[in-house]
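For reference, the structure is listed below as structure tokens.
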Amino acid sequence: MAVQRRNHKLPDPASDDCVIQSIVDELFASYEELGGINHLEGINLPNRQTVEAITYDLLKLVFPGFYEETRLRSNALRYHIGARVSSLTERLSREVQKSLNYEREAEVSEKDSRKIVCDFLRCLPAIRSLLQKDVQAAYEGDPAAISEEEVILAYPGVEAIGVQRLAHHLYQQGVRLIPRMMTEIAHASTGIDIHPGASIGEYLFIDHGTGVVIGETCSIGHHVKIYQGVTLGAKSFKKDESGRIVKGGKRHPTIEDDVTIYAGATILGGDTVIGRSSVIGGNVWLLESVAPYSLVTYEEGETRTVSMVSDTEVGGGI
Amino acid sequence: MAVQRRNHKLPDPASDDCVIQSIVDELFASYEELGGINHLEGINLPNRQTVEAITYDLLKLVFPGFYEETRLRSNALRYHIGARVSSLTERLSREVQKSLNYEREAEVSEKDSRKIVCDFLRCLPAIRSLLQKDVQAAYEGDPAAISEEEVILAYPGVEAIGVQRLAHHLYQQGVRLIPRMMTEIAHASTGIDIHPGASIGEYLFIDHGTGVVIGETCSIGHHVKIYQGVTLGAKSFKKDESGRIVKGGKRHPTIEDDVTIYAGATILGGDTVIGRSSVIGGNVWLLESVAPYSLVTYEEGETRTVSMVSDTEVGGGI
Amino acid sequence: MAVQRRNHKLPDPASDDCVIQSIVDELFASYEELGGINHLEGINLPNRQTVEAITYDLLKLVFPGFYEETRLRSNALRYHIGARVSSLTERLSREVQKSLNYEREAEVSEKDSRKIVCDFLRCLPAIRSLLQKDVQAAYEGDPAAISEEEVILAYPGVEAIGVQRLAHHLYQQGVRLIPRMMTEIAHASTGIDIHPGASIGEYLFIDHGTGVVIGETCSIGHHVKIYQGVTLGAKSFKKDESGRIVKGGKRHPTIEDDVTIYAGATILGGDTVIGRSSVIGGNVWLLESVAPYSLVTYEEGETRTVSMVSDTEVGGGI
């Protein structure tokens with residue numbers, strides 16, 4: 001019986017199976033040797049796909065009818081919403097528990113995690129009311145916007161701000177990992193990177209948004225407009241005696257009400273305050289405070305225009 | 001029968017089920033109170049996932065064989081393509097009808113929507129012919145490109161331009177929401193944000209592309225090259241007597257043939273015309289027209305270089 | 001029998017089926033006429049979805065336990081990892097064979113492709129060891145980072161660098177298409193575009209990262225920090241006598257050890273060397289080399305601040 005005999009043969013050391021076995025062996029040796037980048041035995045961390053599904057289910061609760069495959073009809077609506085809230089409570093509680101177990105290096109009870117999640121879900125109506133104002137700000141702020149519905153369906157700023165407002169609530173309840181994962185999911189989808197710690201007023205409008213970065217300790221007032229490529233960042237990092245960067249502290253700017261910041265502007269520093277109703281022109285690089293009602297732009301005449309016959313050495317491509 | 005009796009008991013007001021019920025009640029109250037961000041009873045809007053699936057199916061028709069999981073063989077090809085066109089006609093007609101019902105605030109017939117879609121699908125060969133030229137422009141314009149096949153498989157600019165050229169046709173037929181959703185799907189995937197209204201000539205090459213923004217009333221000639229982070233935007237928005245932004249009007253620049261715009265340059269204004277064969281250097285900020293064959297760059301000597309012993313206060317991180 | 005007779009009737013030339021048929025006919029005519037953008041009969045190219053699945057499976061091997069839906073327990077771990085390595089070997093070998101068949105315009109054997117893949121998989125422990133250092137650099141370099149686990153779960157730079165380090169190994173073994181597809185998959189997900197050809201030292205930290213572009217012939221030392229929107233690109237492209245761009249050659253800068261490059265800076269040219277421990281300030285535009293320990297920033301006083309009563313003409317929005 002040829003088959004059986006083949007099964008009993010030792011694998012040929014030069015055969016392909018042996019190569020795979022040695023690859024696996026070397027990987028295992030590496031898992032055992034190197035700490036810090038695997039979590040096989042340790043605390044069970046929140047899962048990225050699960051947090052992503054939860055995040056989009058939260059957006060569905062916040063904008064009902066906008067992300068649905070099929071039309072929601074009101075007679076069946078209560079069942080749909082009830083089922084979604086119930087499922088979210090289960091799934092988010094489990095991820096919050098993992099997140100807190102890890103962050104606090106202590107066993108957090110299922111009941112405590114569930115309480116945090118229920119408190120969070122209770123805030124959804126308040127978050128909806130904030131987001132309605134953000135949508136209104138986008139519609140009123142962009143001549144190309146044809147309706148508030150278009151804004152919800154096709155403006156990435158709404159998704160990024162929506163997820164940040166949700167994540168910010170969890171962040172305020174002391175959860176750390178999950179809010180960061182949520183805003184990073186929005187960052188991957190929209191190119192807009194807002195830390196869950198940032199404090200943001202009403203009627204924020206971020207247009208286009210690719211490349212926007214808003215830091216953890218930023219404070220943004222009401223009716224602020226921000227365009228693509230704007231950074232609200234840190235000026236420098238304090239280091240301790242051993243040369244290590246000091247964590248924490250106010251490192252990012254304060255933007256007062258009614259400020260507009262155009263594409264590519266960079267504003268840095270925890271002491272930097274942009275006074276109310278100011279306008280920061282595109283590509284401006286700003287490391288200090290400006291008074292209310294300031295207009296900050298480039299000096300004129302800083303570019304050089306020459307006429308040329310043929311293509312000359314300039315760059316930017318790679 | 002304990003089970004039955006348990007089923008008859010009223011829920012304990014302090015129990016978890018009651019909490020979920022009150023969360024659902026509060027959400028419903030919020031849905032009823034706040035207008036503008038839900039569409040439960042109103043007009044059925046186009047669905048984002050459906051439009052996304054349609055968009056990628058259109059790309060599969062335009063680049064046959066490139067997005068397929070399995071190899072397409074020519075003897076079965078007509079069946080595949082026929083089935084895809086037929087399914088696309090159904091699905092896109094339904095979404096176009098939703099889009100038009102909403103935009104025109106009137107019932108648009110299935111037949112009219114279907115006619116628009118059939119006219120649109122008839123343009124696919126013309127769009128293919130345009131895209132072939134875009135692919136050629138990328139291959140010839142980038143020293144790192146190894147073949148036209150690599151350009152289709154790995155250059156995000158091709159996806160962004162392809163989707164815009166498709167969306168632009170629908171936009172020209174008077175559909176508004178769906179083309180915007182299509183270009184926003186490409187924006188999320190590529191970081192390149194081109195409004196479906198923009199008018200674009202032949203042989204456009206966008207390299208890398210993250211952060212590129214091209215506005216609704218932009219007009220771009222033939223053989224134009226654009227690098228990452230370039231904005232072709234509006235200078236300011238006209239407001240009416242009540243202070244509201246006026247919608248419409250030519251707000252974005254005109255780029256003539258053979259122009260190259262390097263990374264991070266910003267060109268603004270509806271009256272701004274970049275004359276043919278001009279080169280706009282990286283990071284340039286341009287609010288006015290330049291003559292043909294101009295080279296616009298920064299003045300020299302605007303940066304300061306100092307030697308330092310240790311790390312000094314500079315910024316950009318957050 | 002009405003049904004049968006209907007089946008025998010010729011389709012009405014004005015009916016909808018005829019329209020679909022003519023759309024399909026026109027598409028086929030276009031497929032036959034235009035070369036270069038379809039691969040129906042030609043060489044079977046690597047498939048994008050397959051390469052995407054392979055890329056994320058490789059990341060799962062490199063960061064075991066981080067991307068898993070369910071917890072990996074050590075007693076079953078060897079089975080999981082073994083199955084994954086075995087499946088990866090099969091799938092990647094098939095795609096590598098397609099890639100090489102196409103690139104070399106010759107039939108490459110299954111065995112040769114498999115050997116390349118096995119050699120590649122053997123490098124995973126070395127790549128893990130590099131990535132552990134990248135994670136450490138991020139944790140130590142960002143005051144907002146709360147742990148190395150958060151860095152892996154929520155910092156897009158880790159994904160982009162991880163994929164590039166994997167792709168770079170395949171690139172060095174002479175595979176071209178698949179490494180480019182891999183880094184482009186990471187680009188779509190993170191906004192960070194690193195060519196697989198770039199040579200990168202240990203402890204690289206890319207923060208936020210949207211809009212970062214690192215070119216094919218870039219050489220980056222150890223302990224380098226790069227922020228969002230940084231371009232390491234080419235200055236200009238050499239053209240041959242017929243005006244075509246010359247492929248190949250060192251076109252991108254060299255960044256020495258311990259250099260920090262802040263948000264939006266652009267550094268261009270194959271001869272440009274940024275000397276060790278230098279700091280390049282945000283938005284700086286740099287076309288030439290700087291000595292070690294240089295600090296390059298904007299000149300002061302280049303922006304203009306005016307007080308204003310009402311909104312004035314400035315721009316950046318579209």
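So that the names make sense, note that chain A is the first sequence line, chain B the second, and so on, each numbered from 1. Just so it is clear, the structure is predicted and the values come from calculations on it, not from any experiment.
Counting heavy atoms from C-beta on, the side chains of A:Thr89 and A:Arg114 come closer than 4.5 Å. The closest side-chain heavy-atom distance from B:Ile226 to B:Ile214 is below 4.5 Å.
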Decide yes or no on side chain to side chain donor-acceptor pair (under 3.5 Å) for A:Tyr262 and B:Thr266, but give the supporting numbers first. CA-CA 11 Å; A:Tyr262 283 106; B:Thr266 303; over 6 Å; no

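For the set A:Gly211, A:Pro156, A:Ser147, the entry with the most heavy-atom pairs within less than 4.5 Å of chain B is A:Pro156. Listed options A:Ala145, A:Ala188, A:Gly269, A:Cys218 were ranked by heavy-atom pairs under 4.5 angstrom with chain B; first place goes to A:Ala145. When B:Arg180, B:Glu26, B:Met182 are compared by the number of non-hydrogen pairs under 4.5 Å with chain A, B:Arg180 comes out ahead.
Below 30°, between 30° and 60°, or above 60°: for B:His195 and B:Tyr171 the angle between ring planes is above 60°, a perpendicular geometry.
When heavy atoms are compared at a cutoff of 4.5 Å, A:Glu159 approaches chain B solely by way of its side chain, counted from C-beta outward.
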